[in-house]
Amino acid sequence: MSVYCITGANRGLGLEFARQIASASPSKTTLALTRSLSSDLADLNKVSNSNTHILECDTGNLQSIKAFTSSAAKALNGKKIDFLINNAGINSAPEQTSLSIGPEDLDEQIRVNVLGPAKTVEYLLAADLLSPDARIVNMTSGLGSMAVSLSITPRKCATYSISKAALNALTVQQSGDLREKLGEGCVVVCMDPGWVKTRMGGEGAVLEAEESIGGILECVHGLGEGDNGRFFTYTGKEVPW
Ligand SMILES: NC(=O)c1ccc[n+]([C@@H]2O[C@H](COP(=O)([O-])OP(=O)(O)OC[C@H]3O[C@@H](n4cnc5c(N)ncnc54)[C@H](OP(=O)(O)O)[C@@H]3O)[C@@H](O)[C@H]2O)c1
């Protein structure tokens, strides 16, 4: 029976992952993570079922990620994670360009968007909570692609774009390192959800969350060993680095 784990599941795309997984596969276990259990969890509670475990994990805080692995071990009771969706992310200074980078803004985005997914994988592996055939999805952005960014004039969201490019590089590193630890069955990819109507994407976005996440789940469920270390968009099309 598959086990899913989604960071940042209380709203936006993470919530849509939790909703679609719980409704399509009610018997599947989902760890739906939220930065804080004191957050407004009404929407997440609404889409959850008896196999959904809502756990706290602030992906910008290493102690919180560590503490989460202990609560995950209890909730999983011997089961392992088959699908880890590193979804939590921030775009905290979209107005900055490469000529006006705020040092603290860059630090924060690297901490949440890059170090968070890195340590989530590292600590789950150390706790022996990843299945040997795990699919690990790092939620990136088209803005993390050098090729896509080069085609956008004027350039957009410099610090976010830099952090997502670093997340893409992390994906490539994890795709090699995890094969050594878990074996040839595991697959690590990064995925661009498209421009989606969420708090981050804004009202002007072109896609509904339902379509983006439906496409991502279809792509993720179809991943084979040869896809390790690749970069896809929500339609399953490969994105140039
Ligand atoms: N929407 C788009 O158009 C778009 C495009 C490309 C890529 N993406 C990527 O897709 C992912 C989801 O984006 P979204 O549109 O759903 O964004 P969103 O609407 O802003 O939601 C972000 C989610 O991440 C969580 N989060 C942020 N920092 C966190 C932390 N330190 N610890 C735990 N959770 C944290 C938020 O929790 P709180 O409620 O606690 O803040 C929220 O649940 C992100 O990685 C984003 O970069 C989105």
Side-chain angles (χ1 to χ4, degrees), residues 5-20 31-45 47-48 54-68 71-72 84-94 105 107-120 123 136-145 148-149 152 156-168 170-171 189-213 215-217 220 231-235 239:
C5 176
I6 309 148
T7 65
N10 54 301
R11 62 183 171 90
L13 301 182
L15 177 68
E16 181 62 17
F17 272 115
R19 189 189 72 76
Q20 290 196 20
L31 305 184
L33 313 190
T34 177
R35 183 202 303 257
S36 166
L37 288 174
S38 315
S39 302
D40 177 359
L41 300 176
D43 291 338
L44 183 54
N45 282 323
V47 303
S48 296
I54 300 175
L55 303 177
E56 188 165 271
C57 182
D58 177 346
T59 59
N61 178 322
L62 301 191
Q63 277 162 350
S64 175
I65 303 173
K66 224 348 126 40
F68 148 69
S71 47
L84 170 62
I85 317 281
N86 282 315
N87 165 77
I90 52 170
N91 179 7
S92 51
D105 298 308
D107 274 358
E108 189 192 11
Q109 285 170 96
I110 294 288
R111 188 165 42 81
V112 175
N113 296 347
V114 187
L115 193 60
K119 291 296 177 185
T120 302
Y123 295 166
I136 294 171
V137 179
N138 291 326
M139 289 287 278
T140 185
S141 163
L143 295 177
S145 156
V148 173
S149 289
I152 300 172
K156 272 171 62 178
C157 304
T159 44
Y160 174 75
S161 170
I162 292 165
S163 74
K164 291 296 187 178
L167 177 65
N168 291 355
L170 173 72
T171 304
V189 295
C190 44
M191 297 218 52
D192 168 20
W195 187 20
V196 196
K197 292 174 192 163
T198 61
R199 201 178 296 175
M200 185 186 290
E203 280 302 308
V206 294
L207 280 170
E208 298 296 335
E210 185 173 358
E211 181 181 358
S212 167
I213 299 312
I216 289 180
L217 284 171
V220 168
F231 179 3
F232 297 101
T233 188
Y234 72 99
T235 57
V239 185

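We count ligands from 1, going down the list as the structure has it; atoms in each ligand are counted the same way.
Between the side chain of Ser212 and the backbone N or O of Glu208, no donor-acceptor pair lies under 3.5 Å. With hydrogens and angles disregarded, a donor-acceptor distance shorter than 3.5 Å links the side chain of Ser64 to the backbone of Asp58.
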Could you list the donor-acceptor pairs under 3.5 angstrom formed between side-chain atoms of residues 84-91 and any protein atom two or more places apart in sequence or on another chain?
from  : atom 1 : to     : atom 2 : distance (Å)
Asn86 : ND2    : Asn138 : OD1    : 2.9
Asn87 : ND2    : Thr7   : O      : 3.1
Asn87 : ND2    : Gly8   : O      : 3.2

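When only modelled atom types and interatomic distance are considered, Ser163 and Asn113 share a side-chain donor-acceptor pair under 3.5 Å.
The ring pair (Phe, Tyr, Trp, His ring centres under 6.0 Å) check on Phe231 picks up Trp241, with sequence neighbours excluded. Taking the side-chain contact (heavy atoms from CB on, under 4.5 Å) definition, one finds that Ala205 meets it with Trp195, Lys197, sequence neighbours left out.
Around ligand 1, the residues contributing at least one heavy atom under 4.0 Å from the ligand are Gly8, Asn10, Arg11, Gly12, Leu13, Arg35, Cys57, Asp58, Thr59, Gly60, Asn87, Ala88, Gly89, Ile90, Val112, Met139, Thr140, Ser141, Tyr160, Lys164, Pro193, Gly194, Trp195, Val196, Thr198, Arg199, Met200, Gly201.
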